[in-house]
Amino acid sequence: MPDKLDAYRRKRSADRTAEPVPAEGPPPHGNDDTFVIQEHHARRLHWDFRLERDGVLVSWALPKGLPDDPKKNHLAVHTEDHPLEYADFAGEIAKGEYGGGTVEIWDRGTYECEKWTDREVKVVLHGTNGDRSQGRFVLIGTGENWLIHRMDYSPDEAESGEQTTAAKKSPKKASAKKASASKSSAKKSSASTTSTSGRKSTATSTAGSEPLPELVRPMLATLGELPPSRDDEKFGYEMKWDGLRAVAYADGTKVRLKTRNDLDVTSTYPELADLQESLGSLPAVLDGEIVAFDEKTGRISFAALQRRMHVRDAAQVRRLRERSPVTYLIFDLLHLDGRSTVDLAYEQRRELLESLELRGPHWDTPPYVRGGGQDLMAESKKQALEGVLAKRLTSRYEPGRRSRDWIKVKHARTQEVVVGGWQPGKGRREGTIGSLLLGVPGPEGLEYVGQVGTGFTDDMLADLADRTRRIQRRTSPFAGTMPAKDSRDAHWVTPKLVGEVRFAEWTRDGRLRHPAWRGLRPDKAPDDVVRES
């Protein structure tokens, strides 16, 4: 009789791995009713699904875990049989060994076998970790690989042992199947307790699972210089993307997008809806930047994004989606698998984020580098990007706060501004806006910082004329006295519009020198604007 564990033994050495490696011999006899699902943080995160059968654990690797929705099947890669002792294994497989990484028990329990053939395995799972894996599943061979399908069978029926063909749909959504904060929390402590940033490394109750948050405001960076060379290795460096900051809330079925000032822009960028497909049934909250590309140069262009930022009409959105598609560049992970990750260190959050491999037609996870800030700064200039972000590797995520643990380093100076009025144009600009009167919030109110009359396109001027007409007022919104030449013939507006300018420097009296308009920032609220030194 062939040795069912021959392939397993050939891939492992008992001297080098913590995994059980039983001696050759006949397999033990069991009840053929045990199952285990192990979360495996190897080179790529996946879930190992194992069913006891004829003295071994027949195994499949599930890249996206168990399917949550009967309408969606997940890939199942048939792997070598494992020994029965593996059902209790949780720990570290040494780096360099086969399957090197962390193994955790995600759920375990018993199963009832309804059908078992070479190309179809149908089982009813009775897990011990809440309703994570309760229900009826079928594995279907499709040639080289298999698919796993969740049948319409509820946890309530699984608990009672009932099996009916008219099974009701599960009243609860099963827990997500992607990476969790448990990997990082396990590194911090071997204790069995857990916090909002981590999960126990063995199967436990899901009572502590947190619902997906309705709102997590983005953490903000402070303008500054690159860290000194002695601290270079203490920071992770990312490119600074010239786009629209957005937090993505993926609830396992759909994705919702919110800007920095809580504006829902999901319908503005419909091409990002399929991001949930990359996550499988995983609930997660992601932080990133929506960018667009110049048609001629192929480079990221804030001007190209401007065409999309203010559009709400569905027909126009569809047209612009074809002409100016956007990409969501993901750089942080704030919530995952029922657990907040904001208390994890930046380096740990990035490790979890990258294990999700979120790359698709309209989204990507650009890499970060540890140390090497000067080199990345030079590369960002070569690519005509804004600069870099230096993020302290040990920093936690501070929602809604501007922190010195994150430093933005720019090649050119830009400043967010609040529009407080405008002056009429002359010559070619007669009959429309000649310049905008700008301010920055200060201790006494809106402080006047100058006017900008360059950098506008005709479309921008038409849009600004329409917007300012709707918020006009009789009095100046600026605190203090303005220069007479700037207030002459001025049309005042309620300070609701936020924009951005590029400029040379601040003058001694606090004015912008040589500003040029870059565009409106609907993702920013006036109260978010600060003077950047």
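Given the structure is predicted, the values throughout are model-derived calculations rather than measurements.
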**Prompt:** Is any side-chain heavy atom of Leu286 closer than 4.5 Å to a side-chain heavy atom of Leu353?
**Reply:** yes
**Side-chain (Glu354) to main-chain (Pro367) donor-acceptor, under 3.5 angstrom** = no
**Lys/Arg-Asp/Glu bridge criterion (N-O < 4.0 Å) met for Arg518, Asp242** = yes
**Request:** Evaluate the criterion ring-ring contact (aromatic ring centres under 6.0 Å, His included) for residue pair Tyr397 and Trp406; output intermediate values, then yes/no.
**Result:** CA-CA 10 Å; Tyr397 193 96; Trp406 286 13; 5.7 Å; yes
**Prompt:** Using 4.0 Å as the upper bound for N to carboxylate O, is an ion pair formed by Lys296 and Asp294?
**Reply:** no
**Request:** With side chain to side chain contact (heavy atoms under 4.5 Å, CB included) as the test, would you mind laying out the steps for Val417 and Val498 before giving the verdict?
**Result:** CA-CA 6 Å; Val417 289; Val498 176; over 6 Å; no
**Fill in**
The reported gap from CG in Leu329 to CG in Asp364 (rounded to nearest 0.5 angstrom) is 6.5 Å
**Prompt:** What distance separates Leu464 CG from Leu497 CG, expressed to the nearest 0.5 Å?
**Reply:** 7.5 Å
**Message:** Can you classify the ring geometry of Trp422 versus His491 as parallel (below 30°), tilted (30 to 60°) or perpendicular (above 60°)?
**Reply:** parallel
**Asked** Using 4.0 Å as the upper bound for N to carboxylate O, is an ion pair formed by Arg413 and Glu532?
**Response** no
**Prompt:** More than 12 non-hydrogen atoms from neighbouring residues, nucleotides or ligands closer than 6.0 Å to CZ on Arg402, yes or no?
**Reply:** yes
**Item:** CD/Gln383: more than 12 non-hydrogen atoms of other groups inside 6.0 Å
**Value:** yes
**Prompt:** If you look at every heavy atom in Arg429 and Gly453, which pair is closest and at what distance?
**Reply:** NH2-O, 3.0 Å
**Heavy-atom side-chain proximity of Leu385 to Lys240 below 4.5 angstrom** = no
**Message:** Between Arg349 and Asp332 (side chain of the first, backbone of the second, donor and acceptor by atom type, cut-off under 3.5 Å), is there such a pair?
**Reply:** no
**Message:** Main chain of Arg488, side chain of Gln423: is a donor-acceptor contact present, judged purely on distance under 3.5 Å?
**Reply:** yes
**Under 3.5 Å donor-acceptor, His74 side chain and Gly65 backbone** = yes
**Test log, rule side chain to side chain contact (heavy atoms under 4.5 Å, CB included), inputs Lys391 and Phe331** = CA-CA 11 Å; Lys391 299 182 177 180; Phe331 49 70; 3.7 Å; yes
**Message:** For the backbone of Val501 and the side chain of Thr414, can you confirm whether one donor and one acceptor N or O come within less than 3.5 Å of each other?
**Reply:** no
**Message:** I'd like to know if Lys408 and Glu386 make a salt bridge, using a cut-off of under 4.0 Å between side-chain N and carboxylate O.
**Reply:** no
**Asked** Does CZ in Arg312 sit with more than 12 non-hydrogen atoms of other residues, nucleotides or ligands closer than 6.0 Å?
**Response** yes
**Request:** List the atom of Gly510, the atom of Arg531, and the distance in Å for their closest heavy-atom pair.
**Result:** O-NH1, 3.4 Å
**Asked** What do you reckon, is CD of Gln374 surrounded by more than 12 foreign heavy atoms closer than 6.0 Å?
**Response** no
**Prompt:** Would a distance-only check, ignoring hydrogens and angles, find a side-chain to backbone donor-acceptor pair under 3.5 Å from Arg308 to Thr268?
**Reply:** yes
**Request:** Enter the distance from Ile471:CD1 to Asp466:CG here, rounded to the nearest 0.5 Å.
**Result:** 10.5 Å
**Prompt:** So, the side chain of Thr494 versus the backbone of Lys496: is there a donor-acceptor pair under 3.5 Å, distance only?
**Reply:** no
**Item:** Heavy-atom check, side chain of Phe456 versus side chain of Ser435, under 4.5 Å
**Value:** no
**Message:** Between Arg521 and Arg260, does the side chain to side chain contact (heavy atoms under 4.5 Å, CB included) criterion hold? Intermediate values first, please.
**Reply:** CA-CA 10 Å; Arg521 298 302 310 238; Arg260 205 176 91 178; over 6 Å; no
**Asked** Are Asp287 and Val247 close enough that some pair of their side-chain heavy atoms sits under 4.5 Å apart?
**Response** yes
**Item:** Donor-acceptor side-chain pairing of Asp486 and Tyr448 below 3.5 angstrom
**Value:** yes
**Prompt:** Checking side chain to side chain contact (heavy atoms under 4.5 Å, CB included) against Tyr346, which of Asp405, Thr394, Leu393 comes through?
**Reply:** Leu393
**Request:** Using modelled atom types only, decide if a donor and an acceptor are shared between the side chain of Tyr237 and the backbone of Asp375 within a distance under 3.5 Å.
**Result:** no
**Prompt:** Which pair of non-hydrogen atoms, one from Tyr249 and one from Pro213, has the smallest distance, and what is that distance?
**Reply:** CD2-O, 3.4 Å
**Member of Thr327, Val265, Val255, Val326 meeting the side chain to side chain contact (heavy atoms under 4.5 Å, CB included) criterion with Leu272** = Val326
**Prompt:** So how far is it from Leu212 CG to Leu336 CG, rounded to the nearest 0.5 Å?
**Reply:** 10.0 Å
**Item:** Exam field: side chain Arg150 to backbone Pro67, donor-acceptor pair closer than 3.5 Å
**Value:** yes
**Asked** Considering only heavy atoms from C-beta outward, does the side chain of Leu244 approach that of Tyr269 to under 4.5 Å?
**Response** yes
**Prompt:** Side-chain contact, heavy-atom cut-off 4.5 Å: Asp274 with His362?
**Reply:** no
**Prompt:** Does the distance from a Lys or Arg side-chain N to an Asp or Glu carboxylate O, for Lys382 and Glu379, drop under 4.0 Å?
**Reply:** yes
**Asked** What's the spacing between Ile290 CD1 and Glu271 CD if we round to 0.5 Å?
**Response** 8.5 Å
**Prompt:** Would Met309 and Leu520 count as a side chain to side chain contact (heavy atoms under 4.5 Å, CB included) if you check the C-alpha gap in whole Å, the side-chain angles of each, and the deciding distance to 0.1 Å?
**Reply:** CA-CA 9 Å; Met309 288 173 74; Leu520 285 172; over 6 Å; no
**Message:** I'd like to know if Glu295 pairs up with Arg307 as an ion pair, taking the criterion as any Lys NZ or Arg NE/NH1/NH2 lying under 4.0 Å from an Asp or Glu carboxylate oxygen.
**Reply:** yes
**Prompt:** Do Asp264 and Lys258 sit within salt-bridge range, that is, some charged N less than 4.0 Å from a carboxylate O?
**Reply:** no
**Request:** Flag yes if more than 12 heavy atoms outside Glu505 fall under 6.0 Å of its CD atom; otherwise flag no.
**Result:** yes
**Message:** Looking at Arg511, I want to see if its CZ is surrounded by more than 12 non-hydrogen atoms of other residues, nucleotides or ligands under 6.0 Å.
**Reply:** yes
**Complete:** Smallest heavy-atom separation, Pro495 atom then Leu446 atom, equals CB-CD2, 3.9 Å
**Message:** What I'd like to find out is whether the side chain of Ile140 reaches to under 4.5 Å of the side chain of Asn73, using heavy atoms alone.
**Reply:** no
**Asked** Hey, does Glu210 have a side-chain heavy atom less than 4.5 Å from the side chain of Ser340?
**Response** yes
**Request:** Taking all heavy atoms of Leu389 and all of Ala221, pick out the closest pair and write down the distance.
**Result:** CD2-CB, 3.7 Å
**Asked** Is His411 reaching over with its side chain to a backbone N or O of Lys381, donor-acceptor style, under 3.5 angstrom?
**Response** yes
**Request:** Ignoring hydrogens and angles, state whether a donor on the side chain of Arg473 or Thr475 is under 3.5 Å from an acceptor on the partner side chain.
**Result:** yes
**Asked** Rounded to the nearest 0.5 Å, how far apart are CG of Leu436 and CG of Leu438?
**Response** 6.0 Å
**Prompt:** Closest heavy-atom contact between Leu279 and Ala250?
**Reply:** CD1-CB, 3.5 Å
